[in-house]
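As structure tokens, the structure follows; a few thoughts come after it.
Both ligands and their constituent atoms are indexed starting at 1 by order of listing. No experiment lies behind these values; they were computed from the predicted model shown.
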Amino acid sequence: MKPTALYVYGAGGHGRVVADAAQATATRTVLGFLDDNPRLWGCVCAGLPVVGGRDALASVDPEAEMALGIGSNRARADIAELLLRRGFRLAIVIHPNAVIARGVQIGEGTYVAPLAVLHSDASVGVACIVNTGAVVEHDCRLDAFAHVSPRAALGGGARLGEGAHAGIGAILLPATRLGPWATLGAGAVMVASMPEGVTAVGVPARVVPLAAGGVS
Ligand SMILES: CC(C)(COP(=O)(O)OP(=O)(O)OC[C@H]1O[C@@H](n2cnc3c(N)ncnc32)[C@H](O)[C@@H]1OP(=O)(O)O)[C@@H](O)C(=O)NCCC(=O)NCCS
């Protein structure tokens, strides 16, 4: 079967990681990157050309899939919405060394990294990131644009609201919920649910004031 052509939107660190995962199977051919940074246009990144930014969408193969290579939840949401409006299909990129149990649902535009585990009946929304070595236990739910960082772990039935971000090594106890666009800091342990938009750090996690401009 002919491999599917794919571009990665975002040529930074996360974009290169997503391109690497997409190239790890024979089912896809990665044609290059798009990026909003004009300084990258025409450059070669991880051996692939950066063909341009939003304007270049008019000239790429409309049948090509688009993978999302952007770490910021807000920016990834914006680009996902733009690409869908322009009629592109968002690629689900799953590294072959991820472990996906039966009954797991994964939304379009989501990236699942090496050594990530998605356990029975977990549900992952559109344009999420389940990053390297993350553990998403049975019956968890990630709403659109959420990010589970490297080595973060969600106990059974835990939930990340839309755009929520669990930082590196953070832990959500079973059945807790991190509200929409909230951030759980690196290494934090969330023992009770947190509301929309907060940043919480520490063990047990406590809300801290947001830096100017917020996060994610
Ligand atoms: C929680 C976080 C978002 C806070 O970022 P910020 O809003 O810029 O906050 P600041 O760096 O100004 O820190 C605010 C306070 O919280 C403390 N703090 C920040 N992150 C912390 C963490 N993970 N654990 C404990 N304390 C933390 C700071 O020391 C500071 O304390 P102080 O006011 O006593 O000096 C950030 O530190 C973090 O953990 N991000 C996760 C990054 C990540 O996992 N990225 C994934 C990449 S794949």
Side-chain angles (χ1 to χ4, degrees), residues 8-22 24 33 35 37 45-46 67-80 92-95 97-99 106-107 109-118 124-137 140 142-155 158-173 176-216:
V8 179
Y9 208 111
H14 184 64
R16 282 182 277 122
V17 161
V18 171
D20 185 74
F33 292 97
D35 199 287
N37 180 356
C45 185
L68 298 168
I70 300 167
S72 155
N73 290 353
R74 293 259 183 219
R76 194 170 62 261
D78 288 348
I79 293 296
I92 297 173
V93 177
I94 300 174
H95 192 279
N97 291 335
V99 178
I106 300 178
T110 283
Y111 164 63
V112 183
L115 306 182
V117 179
L118 285 168
V124 180
V126 171
C128 290
I129 300 172
V130 182
N131 226 322
T132 314
V135 175
V136 175
E137 263 303 335
C140 283
L142 274 59
D143 290 339
F145 319 124
H147 178 181
V148 187
S149 291
R151 300 293 296 268
L154 276 58
R159 179 169 171 189
L160 292 187
E162 180 179 300
H165 179 198
I168 299 169
I171 292 172
L172 276 74
L173 291 199
T176 56
R177 181 187 186 206
L178 183 62
W181 305 103
T183 298
L184 185 61
V189 177
M190 197 177 89
V191 299
S193 297
M194 293 280 171
E196 179 165 3
V198 299
T199 297
V201 301
V203 182
R206 306 260 185 241
V207 174
V208 290
L210 266 183
V215 290
S216 289

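- In terms of modelled atom types and a separation under 3.5 Å, the side chain of Asn131 and the main chain of His147 share no donor-acceptor contact.
- Both the backbone and the side chain of Ala186 come within contact range of ligand 1, each with a heavy atom under 4.0 Å.
- Put simply, the side chain of Asp35 gets close to the backbone of Ala11: a donor and an acceptor are under 3.5 Å apart.
- Contact annotation: for Pro209 versus ligand 1, there are no heavy atoms closer than 4.0 Å.
- Those atoms of ligand 1 with a heavy atom of Thr199 less than 4.0 angstrom away are 1 (C).
- Taking every non-hydrogen atom of Pro150 and a distance limit under 4.0 Å, the qualifying atoms of ligand 1 come out as 48 (S).
- Scanning for salt bridge (Lys or Arg N to Asp or Glu O under 4.0 Å) contacts around Arg159 gives Asp143, with sequence neighbours left out.
- In this structure, Arg16 contributes its side chain and Ala46 its backbone to no donor-acceptor pair below 3.5 Å.
- Contact atoms of ligand 1 toward Gly167: 44 (O) (distance under 4.0 Å to a heavy atom of the residue).
- Ranked by closest heavy atom to atom 18 (N) of ligand 1, the top entry among Val208, Val203, Val201 is Val201.
- In terms of the side-chain contact (heavy atoms from CB on, under 4.5 Å) criterion, residue partners of Ile168 (sequence neighbours excluded) are, by chain and number, Ser149, Pro150, Ala186.
- Contact annotation: Gly187 has no heavy atom less than 4.0 Å from any atom of ligand 1.
- In this structure, Arg177 contributes its side chain and Leu160 its backbone to no donor-acceptor pair below 3.5 Å.
- Ligand 1 has a nitrogen or oxygen under 3.5 angstrom from a nitrogen or oxygen of Ile168.
- For the ligand labelled ligand 1, residue His165 lies inside the 4.0 Å heavy-atom shell.
- With a 4.5 Å cut-off on side-chain heavy atoms, Leu142 and Val130 count as touching.
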